Amino acid sequence: KRLILIGPPGSGKGTQSPIIKDEYCLCHLATGDMLRAAVAAKTPLGIKAKEAMNKGELVSDDLVVGIIDEAMKKPSCQKGFILDGFPRTVTQAQKLDEMLAKQGANVDKVLNFAIDDAILEERITGRWIHSASGRTYHTKFAPPKSPGVDDVTGEPLIQRKDDTAEVLKSRLEAFHRQTEPVIDYYSKKGLVVNLPAEKPPKEVTVEVQKALS
Ligand code: AP5
Ligand code: ZN
């Protein structure tokens, strides 16, 4: 399967991705995770992306299309993939269609994490992540076994630099202005399934499984 997850910041894309990935043996390509790794490693890509990310704006289409093009060549991504956080503009969606067309492939389904903006601030400001694995926790909704520490490795959890109420406003604006048209783009192709993303995580997982069965 070739799946796309679309939704505003904090809607649960990164929370559901590992579950879908394990169930369907897909590769999980999250442009946000890849960009954060590049920023941390101070690579040329990271240096170019950092400022936009800290402001909650989108990184240029060329940069992210390049990352995805490269990542999709991995052997583990040939059978299928989950795109989490890409495409986020109509241009990115068109480029993706072109890349897939070259392989005689196409997008199978787009899961739209539908949720009211009002719920997202609490989700974003309470989020803690284990940066090496991408595992995500929430102080209230998904607390780690011991506070501030990753369940699996025992390593410390961190907060994302863009996870403030202030930066969230810009991220939401970017979502409504630049990414919502992508949902229309795929709706016209009949590929979109709307998920009630405000439900508790386990219930959202059940909805995802229904959408994919
Ligand atoms: P990215 O990393 O993609 O961030 P985002 O889209 O803002 O999404 P989030 O990761 O914040 O949300 P999520 O849906 O994964 O939420 P999660 O599951 O963690 O992008 C970051 C930046 O990179 C962008 O701003 C941009 O600058 C750049 N970028 C990335 N891709 C780009 C692209 N294609 N083009 C241009 N620029 C790009 O959940 C959030 C919290 O809520 C967690 O704490 C979780 O535990 C909790 N939670 C999850 N589900 C539930 C639930 N059902 N109930 C209660 N709590 C829940
Ligand atoms: Zn995410």
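Remember, it's 1-based here, ligands and their atoms both numbered in the order they're listed. This structure is a prediction, so every number in the text was calculated from the model and none was measured.
Ranking protein heavy atoms by distance to atom 41 (C) of ligand 1, first place goes to R123 O, 3.5 Å. Protein heavy atom at the shortest distance from atom 5 (P) of ligand 1 is R88 NH2, 3.4 Å. Counting only heavy atoms of the protein, atom 39 (O) of ligand 1 lies nearest to T15 OG1, 3.6 Å. Nearest protein neighbour of atom 8 (O) of ligand 1, counting heavy atoms only, is K13 NZ, 3.1 Å. With respect to atom 7 (O) of ligand 1, the closest heavy atom belonging to the protein is R171 NH2, 2.8 Å. Protein heavy atom nearest atom 46 (O) of ligand 1, with residue, atom name and distance: H138 CB, 3.5 Å. Nearest protein neighbour of atom 22 (C) of ligand 1, counting heavy atoms only, is M53 CE, 3.9 Å. Nearest to atom 4 (O) of ligand 1 among the protein's heavy atoms is R160 NH2, 3.1 Å.
By the criterion of a heavy-atom distance under 4.0 Å, neither the backbone nor the side chain of Q16 is placed next to ligand 1. With a 4.0 Å heavy-atom cut-off, ligand 1 is reached by the side chain of V64 but not by its N, CA, C or O. Contact annotation: for E57 versus ligand 1, heavy atoms closer than 4.0 Å belong to the backbone alone. If you look at P200 next to ligand 1, the close heavy atoms, those under 4.0 Å, all belong to the backbone. Contact annotation: for L35 versus ligand 1, heavy atoms closer than 4.0 Å belong to the side chain alone.
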Would you be so kind as to tabulate the donor-acceptor pairs closer than 3.5 Å made by side chains of residues 11-18, with sequence neighbours excluded?
residue: S11; atom: OG; partner: P8; partner atom: O; Å: 2.7
residue: K13; atom: NZ; partner: G7; partner atom: O; Å: 3.0
residue: K13; atom: NZ; partner: P8; partner atom: O; Å: 3.1
residue: Q16; atom: OE1; partner: T205; partner atom: OG1; Å: 2.6
residue: Q16; atom: NE2; partner: P201; partner atom: O; Å: 3.1
residue: S17; atom: OG; partner: K13; partner atom: O; Å: 2.8
residue: S17; atom: OG; partner: H28; partner atom: NE2; Å: 3.3

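Short contacts between ligand 1 and F141, defined as distances under 4.0 Å to a heavy atom of the residue, involve ligand atoms 55 (C), 56 (N). The contact set between ligand 1 and T136, taken as ligand atoms under 4.0 Å from a residue heavy atom, comprises 19 (O), 43 (C), 44 (O), 45 (C), 46 (O). Atom numbering of ligand 1 starts at 1 in the shown order; those under 4.0 Å from a heavy atom of K199 are 52 (C), 53 (N), 54 (N). Less than 4.0 angstrom separates some heavy atom of Q92 from each of these atoms of ligand 1: 33 (C), 34 (N), 35 (N), 36 (C). Residue-ligand proximity, T31 to ligand 1, at heavy-atom distances under 4.0 Å covers atoms 30 (C), 31 (N), 32 (C), 34 (N).
For the 3.5 Å distance criterion, the side chains of E173 and Q178 fail to qualify, holding no donor opposite an acceptor.
Separation of atoms CZ (F81) and CZ (F86) is listed at 9.5 Å; rounding is to 0.5 Å.
Annotation: Y137 places an N or O atom under 3.5 Å from an N or O atom of ligand 1; distance criterion only. Between V59 and ligand 1, at least one pair of N/O atoms sits closer than 3.5 Å. By the 3.5 Å distance cut-off applied to N or O atoms, G14 is counted among the residues near ligand 1. Below 3.5 Å of separation, one finds an N or O of G85 facing an N or O of ligand 1. An N or O contact shorter than 3.5 Å is missing between D84 and ligand 1 by distance. Between G10 and ligand 1, at least one N/O pair is under 3.5 Å apart. Residue contacts with ligand 1: D33 is placed with no nitrogen or oxygen under 3.5 Å of a nitrogen or oxygen of the ligand (distance criterion only). Between A52 and ligand 1, a contact under 3.5 Å exists for no N or O pair.
By heavy-atom distance, the residue among R127, E51, K140 lying nearest atom 11 (O) of ligand 1 is R127.
Taking 4.0 Å as the cut-off between side-chain N and carboxylate O, E180 and R177 do not count as a salt-bridged pair.
At least one donor-acceptor pair under 3.5 Å links the side chain of T43 to the backbone N or O of G46. Formation of a donor-acceptor pair under 3.5 Å by the T31 side chain with backbone atoms of G85 is found in this model.
K188 forms no cation-pi arrangement with Y186, by the criterion of a distance under 6.0 Å to the ring centre and an angle within 45° of the ring axis.
The shortest heavy-atom distance from G7 to ligand 1 is not under 4.0 Å. A heavy-atom separation below 4.0 Å is found between S11 and ligand 1. Ligand 1 lies less than 4.0 angstrom from a heavy atom belonging to I124.
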